[in-house]
Structures are given as C-alpha cells and as structure tokens.
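Quick note on labels: first sequence line is chain A, next is B, and so on, each numbered from 1.
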Amino acid sequence: MVHLKYFRGLLISDHYAPSLSWNEEFKAYIAPAYRYYQVLEYFRQGGIEVKDEVMDPIPFPLVKDSLKLRDYQERAMKAWMAKKRGVLVLPTGAGKTALGIKAIANLRVATLVVVPTIELLHQWGDRIRESLGVEPGIVGGGEENIQGITVITYDSAYTKVEKLGNRFPLVIFDEVHHLPSTGYINIGELMASPYRMGLTATPEREDGRHVLLREVVGPILIRLSPSQLAGKYLAEFKVEKIYVELTPEEREIYEKLRNRFTSFLRKRKIRMAGPRDFQRFIFMAGRDKEAREALLAWNESLRLAVNSESKLIKLREILKERANEKIIIFTRDVDMAYRVSREFLVPAVTYLTSKDERQDILSKFKNGDYKVIVASNVFDEGVDVPDASVGIVLGGYGTSRQMMQRLGRILRKKEGKVATLIEIVTKGTTDHNLSRRRSSATK
DNA sequence: TTGACTCAACATCCTTTGCTACAA
DNA sequence: TTGTAGGTTTCCATGTTGAGTCA
C-alpha cells in the first residue's frame with residue numbers, strides 16, 4: 001500500500017512514481033503538489049492500493065443552481081466537464097464568470113477562485129451570492145474570511161498557498177494569463193487541487209511563459225473570438241485604421257533618435273531578432289553608458305511617434321464628426337492622457353486618479369453626463385467600464401491582449417448598434433510596428 | 001475606517017542593417 | 001550550399017496594482 005500526504009505545497013509519497021523524486025530530509029519521495037492527480041492516476045492504473053491523505057477539503061455549502069448558459073457557454077462547459085482541467089478562451093463580455101459559477105454548481109466541492117484585482121474580487125463575490133445563494137469567503141483587500149467557496153487575489157494566494165493548497169478540490173484562475181509569471185506560478189504548482197479551470201480572453205504572453213499553463217492548469221479546450229460572437233451575443237463591430245505623418249520637425253528629431261539607437265547596434269554588431277535580444281540589450285544598458293544612451297534614445301523616439309501632433313489634429317476631426325456618440329480615448333502614457341484631457345476638456349482616468357474620482361467619472365460617463373473620456377492603460381483588465389460605442393486608440397502596447405480588452409469595452413450588445421474601434425497610427429515609425437503586432441486581436 | 005504613503009511584483013520592450021558554427 | 005541555431009543575466013524607464021504600515 002502507498003501512503004500519500006500533503007505538506008506545505010508538497011506531495012509526499014512513501015513509494016516511487018514518475019515525477020516524484022527522493023528527498024533525504026523527508027525520507028520520502030516528493031513533488032510539487034500539483035502532481036497529485038497524475039501520481040494518484042499512476043498508482044490506480046497499476047492496481048496499487050493508496051492511503052490518500054492529501055486533500056482536507058473545507059465543507060461545501062448548500063447552493064442553488066439557477067444559472068442558464070448560452071449555447072456557446074454550454075459547449076465550453078461540456079468540454080471542460082469531460083476532463084475537469086483546462087483553459088477556456090472567451091472574449092471580454094462573453095460571460096466567463098458564468099462558466100466558473102456553473103463549474104462550482106456542477107462539481108459541488110470546495111472551490112478557490114483566484115483573481116488579479118480587488119474589483120474582480122467583489123464582482124465574483126456578488127455573482128456567487130446572486131447565482132449560488134451563498135456568502136462566499138473573501139481573501140484580499142484587507143479581508144480574510146475563508147469559506148467553502150472563497151475568492152482570493154493572486155497576491156494573497158501567493159502568500160497563503162502552502163496553507164490553503166489542499167483545502168480546495170477545485171481551483172478557478174480568472175485572467176489565467178497572470179498565472180505563469182515567476183511568482184504566481186507557485187500558486188498553481190503548490191496547490192493539490194485535482195480540478196482546475198483557467199479563464200481568459202488572451203492566454204498568450206509576451207514572455208512565452210503561457211506554455212506552462214498546459215502543465216499546471218490543462219490544455220486550451222475552447223477558443224472563441226469576438227467576431228464569432230458578434231451579432232447575436234456581442235455588438236457588430238468594425239475596426240478602422242487611420243494613418244498620419246510626423247510633422248517635419250518631429251521627423252527630424254525622430255530620425256536623429258533612431259539613428260542613435262541603430263548606429264549603436266551596428267557598431268556593437270548586435271542583432272535584434274526577437275524579444276530576448278532586446279532583453280539582453282536592456283541588461284547591457286545597466287552597465288554600459290553607450291548602451292544606456294541608445295536605449296533612452298529608443299524610448300524617446302517611441303514616445304514621439306506614439307504621441308505625434310497629427311494624431312491630435314485627427315482626433316479633433318473625429319470628435320467633431322461623432323459629436324453624439326459615447327467615446328473612450330485610449331493612450332499609451334499618462335502625459336498624453338492629461339494632454340488630451342486639457343486640450344479637449346474631457347475627464348482623464350489614469351493610475352494617478354484617486355479611487356473616488358475614478359468612480360465619479362465612470363458613473364457620470366455611464367449616465368451620459370460625460371460623452372467622452374480619456375484613459376491610459378487603466379481599463380486593460382478587471383475594471384467594469386460603462387459601455388461606449390466608439391473607441392479611439394491613440395497609443396498602446398503591441399499586444400493583442402490590450403487590443404482585445406479595449407475592443408471589449410465597446411462590444412456590449414444593444415439593438416441596432418455597430419461599434420467602431422478607430423486606431424490612429426503614425427506611418428513610418430515604431431508606432432506602425434506596434435499597431436501591426438496588436439492587430440491580430442481584432443480578426 | 002480613511003487616506004497617504006512605501007514597497008514589491010508584474011508588464012511592456014523587436015523585424016535589421018546579418019556575426020559564426022554546425023547540421024542537413 | 002543552404003538553413004538555422006547559437007549565447008548569461010538580475011532591469012534603461014514607465015505604467016499599474018495589491019499589501020502593509022502608520023497617523
């Protein structure tokens with residue numbers, strides 16, 4: 001007979017199985033706790049009797065199950081129920097939370113829901129109360145109350161995972177693309193939970209670490225894009241790109257800055273073939289004065305291209321044409337957001353905006369007191385932004401994730417609505433490259 | 001309870017102009 | 001001849017958030 005135990009994020013076995021390794025200190029075979037279901041499966045298939053003391057689940061409350069799923073949600077749920085592990089990829093606004101709630105109602109085991117922000121902590125709490133009729137535990141944002149269904153932030157989960165790792169047979173990772181980062185991955189690895197669900201609109205990460213999700217959460221089971229749901233469940237939408245030029249003065253400065261960057265690369269025979277090369281260049285800038293100057297020049301050239309003068313002229317035209325529509329303007333940096341705010345007399349929301357003021361601006365935008373607002377990168381995730389019909393992208397990252405989130409802000413379904421996402425791009429600059437890289441999101 | 005603060009963690013960051021060694 | 005892989009580490013700056021501390 002084999003004896004399996006859990007100890008502070010570790011699976012401990014007195015017999016060998018693949019993925020376990022001998023540990024002298026414990027005088028036993030050990031592995032990170034997420035290997036539990038594989039190891040158990042291995043012993044069971046071998047017909048070996050197991051004394052399983054790994055899980056110590058919190059009692060599960062009595063819940064109601066009143067939730068009705070849409071047809072594509074049913075498909076996603078069916079795919080997940082077949083394995084009870086894996087990632088579901090659905091666009092913003094397509095009802096990912098409902099899938100998590102349904103999984104809890106189906107499995108009826110203690111569940112930990114991990115979320116990136118306090119706002120999502122409360123949104124999930126409300127949905128659980130509403131759909132399952134129970135009071136959820138909340139950990140994070142100053143609260144610490146653990147129940148059979150508990151919502152927790154990634155930050156809190158990271159510090160408490162060793163203690164909580166064997167108390168929840170089901171774990172749901174909302175915005176699961178956060179999980180593979182170097183710290184948070186511990187949450188996935190040190191939990192023993194055999195049942196796992198990951199929810200996101202965009203699993204891919206710039207650092208490539210999303211490949212870890214397959215091992216820690218499971219494979220991608222379903223993937224739906226905004227265009228697949230447009231019309232019936234999300235608003236019809238179109239994406240427009242408008243190209244502008246740098247002014248001659250801007251062009252002169254831009255070329256000078258670019259030249260400082262490229263001539264450094266040429267001189268040092270540095271090849272920029274991918275993100276790793278750029279990363280190395282950044283490390284180099286930490287020690288090498290010339291490299292540092294080259295990098296600063298590159299940063300400055302990017303800022304110039306993304307925030308070009310012509311974009312503001314074009315913005316003025318668009319705002320005039322669409323005077324009666326609800327519009328969100330997106331910028332890449334805080335300075336540009338406040339510049340737009342000053343020149344067009346519209347409220348700005350950035351990370352510097354206080355919580356109360358942000359709340360106030362968003363509620364006035366919702367009820368129509370404000371027709372136009374400008375935001376930096378703050379609406380990228382986990383913020384409940386009132387619906388708009390037009391999004392104007394003045395600047396952003398080169399990631400499809402950000403583009404997808406921004407698109408999601410205008411896709412709420414309304415009768416007869418056609419949403420428009422307008423991107424203003426500076427031709428012949430890095431801004432154009434960024435735009436090309438992110439545009440796969442809207443296909 | 002709140003607000004102001006600090007700190008830590010996470011994310012972005014590339015596409016040119018082609019070095020050398022080795023495998024197919 | 002052609003194609004492709006090769007090569008660490010501790011981070012230029014800016015943006016964003018959660019947690020913790022203290023008044």
Measure across A:Met191 and A:Leu164 and return the closest heavy-atom pair with its distance rounded to 0.1 Å.
CE-O, 4.2 Å

When rounded to the nearest Å, what value does the distance between P atoms of B:dC13 and C:dT9 take?
24 Å

State which of B:dA11, C:dT17, B:dC13 makes the closest approach to the side chain of A:Arg437.
B:dC13

Name the nucleic acid region contacted by A:Asn433, choosing base, sugar-phosphate or nothing; use a 4.0 angstrom heavy-atom cut-off, strictly under.
sugar-phosphate

With a 4.0 Å cutoff (strictly under), does any side-chain N or O of A:Arg287 reach OP1 or OP2 of C:dC11?
no

Using a 4.0 Å heavy-atom cut-off, does A:Arg209 contact any base of the nucleic acid, only the sugar-phosphate backbone, or nothing at all?
nothing

From C:dC11, C:dG18, C:dG15, nucleotide with atom closest to A:Thr117 side chain
C:dG18

Quick one: which of B:dC14, C:dG18, C:dA13 gets closest to the side chain of A:Asp155?
C:dG18

Does B:dA11 have a Watson-Crick or wobble mate here (both distances under 3.5 Å), and if so which one?
C:dT14

Has A:Arg85 got its NZ or CZ under 6.0 Å from the middle of the six-membered ring of A:Tyr37, at an angle within 45 degrees of the ring axis?
yes

Closest to the A:Ile118 side chain, choosing from C:dA19, B:dC13, B:dT15:
C:dA19

Does the pair A:Lys314/A:Glu317 count as a salt bridge with the N-to-O cut at 4.0 Å?
yes

Kindly assign one of parallel, tilted or perpendicular to the pair A:Phe281 and A:Phe264, based on the angle between their ring planes and the thresholds 30° and 60°.
tilted

I want to verify a distance call: between C:dG15, C:dC12, B:dT15, whose nearest atom is closest to the A:Phe261 side chain?
B:dT15

Could you tell me how far B:dT17 sits from C:dC12 if I compare only their C1' atoms? Round to whole Å.
23 Å

Within the structure, does a side-chain N or O atom of A:Thr159 lie under 4.0 Å from either OP1 or OP2 of C:dA19?
no

From the options C:dC12, C:dA19, B:dT12, select the nucleotide whose nearest atom is closest to the side chain of A:Leu295.
C:dC12

Report the distance from atom OH of A:Tyr351 to atom P of B:dC5, rounded to the nearest whole Å.
14 Å

With nearest nucleotide decided by heavy atoms, which residue, A:Gly398 or A:Asp356, maps closer to the 5′ end of DNA chain B?
A:Asp356

Touch check for A:Gln402, heavy atoms < 4.0 angstrom, all strands: base, sugar-phosphate only, or nothing?
nothing

C:dT16 P sits how many Å from A:Arg406 CZ, rounded?
9 Å

Please state how far atom NE2 in A:His178 lies from atom P in C:dT17, giving the value in whole angstrom units.
11 Å

Take atom CD of A:Gln405 and atom P of C:dT16, then tell me their distance rounded to the nearest Å.
14 Å

Hey, is the side chain of A:Arg303 poking within less than 4.0 Å of OP1 or OP2 on B:dC13, counting only N and O atoms?
no

Integer-rounded Å distance: B:dA11 C1' and A:Tyr154 OH
15 Å

Phosphate-side-chain proximity, A:Arg205 and B:dT12, N/O vs OP1/OP2 below 4.0 Å:
no

Presence of A:Asn299 side-chain N/O under 4.0 Å of C:dA13 phosphate oxygens OP1/OP2:
no

Rounded to the Å, how far apart are A:Leu434 CG and B:dT12 P?
12 Å

Ring centroid separation A:Tyr154 to A:Tyr184 under 6.0 Å
yes

Tell me which of A:Met284 and A:Ser156 sits closer to the 5' end of DNA chain C, going by the nucleotide each one is nearest to.
A:Met284

Can you see if the side chain of A:Thr153 gets near the phosphate of C:dG18 - specifically, an N or O under 4.0 Å from OP1 or OP2?
no

Syn within 90° of 0, anti beyond: B:dC14 is syn

Basic-acidic side-chain contact under 4.0 Å: A:Asp387, A:Lys326
no

Look at the side chain of A:Ser181 and decide which nucleotide, out of B:dC10, C:dC11, C:dT17, has an atom nearest to it.
B:dC10

Looking across every strand, which nucleic acid part, if any, lies under 4.0 Å from A:Ile152 by heavy atom: base, sugar-phosphate, or nothing?
nothing

Would you classify A:Ile282 as touching base, sugar-phosphate or nothing, given that sugar-phosphate means primed atoms plus P, OP1 and OP2, and contacts are heavy atoms under 4.0 Å?
base

Nearest whole Å is fine: how far is C:dG18 P from A:Ile138 CD1?
13 Å

Within the structure shown, what part of the strands sits under 4.0 Å from A:Tyr397 by heavy-atom distance: base, sugar-phosphate, or nothing?
sugar-phosphate

Name the residue closer to the 5' end of DNA chain C, choosing between A:Asp277 and A:Asp333 according to the nucleotide with the nearest heavy atom.
A:Asp277

If you look at every strand shown and take non-hydrogen atoms under 4.0 Å, does A:Arg260 touch a base, only sugar-phosphate, or nothing?
nothing

Using 4.0 Å as the upper bound for N to carboxylate O, is an ion pair formed by A:Glu236 and A:Lys417?
no

For A:Leu179 and B:dA9, give me the distance from atom CG to atom P, rounded to whole Å.
17 Å

Expressed as a whole number of Å, how far does the C1' atom of C:dT21 sit from that of B:dT1?
15 Å

Parallel under 30°, tilted from 30 to 60°, perpendicular over 60°: which one fits the rings of A:Phe26 and A:Phe7?
perpendicular

Determine the contact category for A:Tyr184: base if any of its heavy atoms lies under 4.0 Å from a base atom, sugar-phosphate if only primed atoms, P, OP1 or OP2 are that close, otherwise nothing.
sugar-phosphate

Under 4.0 angstrom, heavy atoms only, what part of the nucleic acid is A:Ser354 near: base, sugar-phosphate, or nothing?
nothing

Given C:dC11, C:dG15, B:dC14, identify the nucleotide with an atom nearest to the side chain of A:Asn377.
C:dG15

Quick one: is B:dA11 close enough that its OP1 or OP2 comes under 4.0 Å of any side-chain N or O from A:Thr399?
no

